[in-house]
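Lettering of chains follows the sequences in order, A, B, ..., and the numbering in each one begins at 1.
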Amino acid sequence: MKVVPSPHVFAREFDGELVLLDLDGGVYFGLDGVGATVWRALGVSATLEHAIAAVVSEFDVEEQRARTDILALVEELEAKGIVRRED
Amino acid sequence: MSARDLDLDAVAWVLETKDAAGGVSYRLGKRGPNWIGEWGGCVWLEVTDEGRRVSLTNDGTVDPFFLAKVERGPVAALERRLRGELTLHASATSSPSGEGLLVLGESGAGKSTTAAALVRDRGHSLLADDIAWIDFEGDRAVIAPTEDHSYLSFAATSALGLTKVDDHVYWDDATKCGVPSRVAARAAPLGAIAIVAWASDASMSMTTEKLSVLDAMRDILPHVSRCGITTPRARLAELDDLSRLLGSVFVYRVRRPKRFEALPEYLDTLTQLTPRFR
């Protein structure tokens, strides 16, 4: 599954935490820990599998658990227009 | 100059802000390529899209004290926003050793009173009373001195034993007065940001909490002076400047009990926050 960040969203990072600004709506979002890792991974390769691999390698978490959590995060980000899913 | 001379009929207004009494306190519009800002129906700024001033006029009835405050405050905020510079609704002081302390809070949280008390009791000098200009020298945020008066409620003025100057009425708020203050001689590098609020109960003790970057961002955003300018360029500049700001200083939430006797402890708490450069 491809997970494509919106071209209208810009990110700035501090101490591992990310602040995202959606220029379309002028709305800010914050991502920390796993969320920040997912966002960085999607910037390298916009696929769910790449994000899962990045989280599994960075955090002490099983792949299935990571997949469930990341899918929930992606759904939340998609509802806010920050990413778009393509099957 | 009258509204007719300014050809306000040719302005396409895009934003209107009303005061508590229902009057229009601020309007923003476009006339040709330029922006027109109007305050109180009596002060008008024409400014280019890049934030260069074309003209600042008034209807001839405006109190000079009021006019100076408007120019240093909302007029400057609009010009700065268009130039991509960060401006916050905040008061600010410079400590005796020259570190800037920025004080943010909801309306009524006591930002101006805090600054006035720091000047009176802790040797600080005033930088900003309501509108703080945040500029950068390298990665270090600095605050320019922009005010020579605090603007306080009569109650706060009396409680602090300060003396008002004349009877200037700013907007239609007759409950506050201008109080001359010791002014910082130069811009101060920002040492800390305090977001101040009242404790829910006057009997509670003071609390100080260092905020995470995300919490700090969330708490500072409502205090960014955007003046209705929401272009992508302005928003990106805001994100960049907030990032630099939060990368250079720590942000603290200070809750204090609503008791005048708590003032010395509150001022001690604030003065101990600087310098805390990251």
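- Of all heavy-atom pairs between A/G25 and B/R235, the closest is O-NH2, 4.4 Å.
- Around the CD atom of B/E137, the shell of radius 6.0 Å holds no more than 12 heavy atoms that belong to other residues, nucleotides or ligands.
- The CG atom of B/L239 lies 11.5 Å from the CG atom of A/D22; values are rounded to the nearest 0.5 Å.
- The two atoms that bring B/M217 and A/Y28 nearest to each other are CE-CE2, 3.7 Å, heavy atoms only.
- For B/E209, the CD atom counts as densely surrounded, since its 6.0 Å shell holds more than 12 non-hydrogen atoms of other residues, nucleotides or ligands.
- Atom CD of A/E86 has more than 12 neighbouring heavy atoms from other residues, nucleotides or ligands inside a 6.0 Å radius.
- Residue B/R244 places its CZ atom among more than 12 non-hydrogen atoms of other residues, nucleotides or ligands, all under 6.0 Å distant.
- Neither the backbone nor the side chain of B/T230 comes within less than 4.5 Å of any heavy atom of chain A.
- Contacts between B/L214 and chain A at a heavy-atom distance below 4.5 Å involve backbone atoms as well as side-chain atoms.
- Residue-environment remark: CZ (B/R186) stays at or below the threshold of 12 foreign heavy atoms within 6.0 Å.
- Comparing B/L242, B/D215, B/L236 by heavy-atom pairs within less than 4.5 Å of chain A, the highest count is held by B/L236.
- B/R218 does not touch chain A: none of its heavy atoms, backbone or side chain, sits under 4.5 Å away.
- Counting non-hydrogen atoms of other residues, nucleotides and ligands closer than 6.0 Å to CZ of B/R53 gives a total above 12.
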